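Only one structure is covered here, and it is reproduced in the block below.
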2 protein chains.
Amino acid sequence: MTAVLVVDDDAYLLRALRITLQAHGYDVVTAVDGRSALLAARQQPPALVILDLGLPDMDGSAVIRKLRGWSAVPVLVLSARHGSEDKVEALDAGADDYITKPFGLEELLARLRALLRRSAETEQPTVITTDAFTVDLGKRRVLRDGQDIRLTPTEWKMLEVLVRSPEKLVTQQQLLSEVWGPAYAKETNYLRVYMAQLRRKLEPEAATPRHLITEAGTGYRFLP
Amino acid sequence: MTAVLVVDDDAYLLRALRITLQAHGYDVVTAVDGRSALLAARQQPPALVILDLGLPDMDGSAVIRKLRGWSAVPVLVLSARHGSEDKVEALDAGADDYITKPFGLEELLARLRALLRRSAETEQPTVITTDAFTVDLGKRRVLRDGQDIRLTPTEWKMLEVLVRSPEKLVTQQQLLSEVWGPAYAKETNYLRVYMAQLRRKLEPEAATPRHLITEAGTGYRFLP
DNA sequence: GGGGATCTTGACGAATCCTTGACGCAGGGC
DNA sequence: GCCCTGCGTCAAGGATTCGTCAAGATCCCC
């Protein structure tokens, strides 16, 4: 899911943006000042940043310049000022777009789509490798002996959940609710069927799995 | 030198923009209506397009959509209207930024710099070759056995999206929203129709595609 | 206004995927 | 030793999704 970092010291606006963005399918992380914004951007790199220039602790353009020191994430600036000097400064500091308050949410969403459309081409892949197969989360692809393995949507989702937290035990309920939805928390036989398919496709010896381990009674675990 | 295509029917504004832009080191090409703008963009591909929405001969969003049929050049829209519907429509048609008249020249220049900065990062190898055909993204051409293959704008756009990220699975929603716009995210039958056409034109055996692969239930994938 | 290219729309078998039930096996408690 | 529970396996059916075709609508250039 697309993660958006919203930085604003106005709690009301922050809340409105969170609700609107989430309703349109974005993951929302919020920050109320420049320092926590930079920290959040580093810890959970978002796909886009919405930044209010009027922050309590530091100048908005300074935030952009710091961010640009190590990230190329698109930045959409909000500001109450109409002055052109502010716009010029923010844009030249590295912002990608600039909206003046008050603004329409539809316009914000449209500008956000335009920015994401542009940056969609420049994202880097996450690759997990084992001695038997390779999972490319960015390309949604699995390789085994150089051949690409064809997975059904359900097989892929299940593998993705496991692979995203290596060595960690994923309970049956977590798997079921992430792949099939919270309503399917008792259909553990689905897990057995699809785990068998994954093993047949990925494990060298499906009978003695070394990467897709079952923890009897609780869930499954992925070992690289 | 960086070439900018300025499209506006206001002779005075056109003149002012030409002088300002040239003073800042840009090459300026002008057009006064949609038709000549599209023609000029084709004959002398600019690095950026500044487009006034209020053109005498056609709707501004229609110009953008046509342009997007074969070009990814950044588009900066000028408009006298403040309504958010116009902005949303233009941005979703493929525009990258939107300024409302009257605007400050400094702001225009700053936004222009921001757009050019972005597009400079996105430059990538523009010729992709497979053992069956060759795609030249820069020249918007497809060759097969030395022959020029004729693609419709929609076919081209779809092929371009797939080819720009080789081996990557492109979701049906991604394809639909990039080719037809975010509002068409459910018209998956369009994909089937156009994918069939692309395969007929590009694949040696359209019945057993080797480069344009379908991932049932999720999307499509291009393999070189 | 006319003709050609392009885009939409609907319908149909074919291919793929998901669900479901049955069966065997292993381990643990009694 | 016996029963019970949880897991792996298999295959069939039913439900989706896909490829294909063709006809109508629309756009565009002359």
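The figures here come from the full heavy-atom set of this structure, side chains too, leaving out hydrogens, waters and symmetry mates. Chain A is the first sequence line, chain B the second, and so forth, proteins listed ahead of strands; every chain is numbered from 1. As the structure is a computational prediction, the values presented were derived from the model and not from experiment.
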Once you measure the plane-to-plane angle for B:His211 and B:Phe133, does it fall in the parallel (<30°), tilted (30-60°) or perpendicular (>60°) bin? perpendicular
Just to be sure I understand the rule, does [X] reach a base, reach only the sugar-phosphate, or reach nothing, if contact means heavy atoms closer than 4.0 Å?
X	value
A:Gln172	sugar-phosphate
B:Arg150	sugar-phosphate
B:Arg200	sugar-phosphate
B:Tyr184	nothing
B:Thr188	nothing
B:Trp156	nothing

Quick one: does [X]'s side chain have a donor or acceptor within less than 3.5 Å of a partner on [Y]'s backbone?
X	Y	answer
A:Glu203	A:Leu212	yes
B:Asp52	B:Val7	no
B:Arg68	B:Ser71	yes

Any side-chain N or O of [X] less than 4.0 Å from the OP1 or OP2 oxygen of [N]?
X	N	result
B:Thr152	C:dC7	yes
A:Trp180	C:dT19	yes
A:Arg199	D:dG8	yes
A:Tyr220	D:dG8	yes
B:Tyr190	C:dT9	yes
A:Thr214	D:dC7	no
B:Lys66	D:dC27	no

Starting the side chain at C-beta, find the nucleotide from C:dT20, D:dT20, C:dT16 nearest to A:Asn189. C:dT20
Testing D:dT20, C:dC7, C:dT9 for proximity to the side chain of B:Glu187, the answer is C:dT9
Check this for me, if you would: do A:Arg210 and A:Asp131 make a salt bridge, where the nitrogen-to-carboxylate-oxygen distance has to be below 4.0 angstrom? yes
Expressed in whole Å, how much space separates the C1' atoms belonging to D:dG13 and C:dG24? 23 Å
For DNA chain C, whose closest nucleotide is more 5', that of A:Thr154 or that of B:Tyr194? B:Tyr194
When you match A:Gln197 and B:Gly219 each to their closest nucleotide on DNA chain D, which lands nearer the 5' end? A:Gln197
Name the residue closer to the 5' end of DNA chain D, choosing between B:Met58 and B:Gly217 according to the nucleotide with the nearest heavy atom. B:Gly217
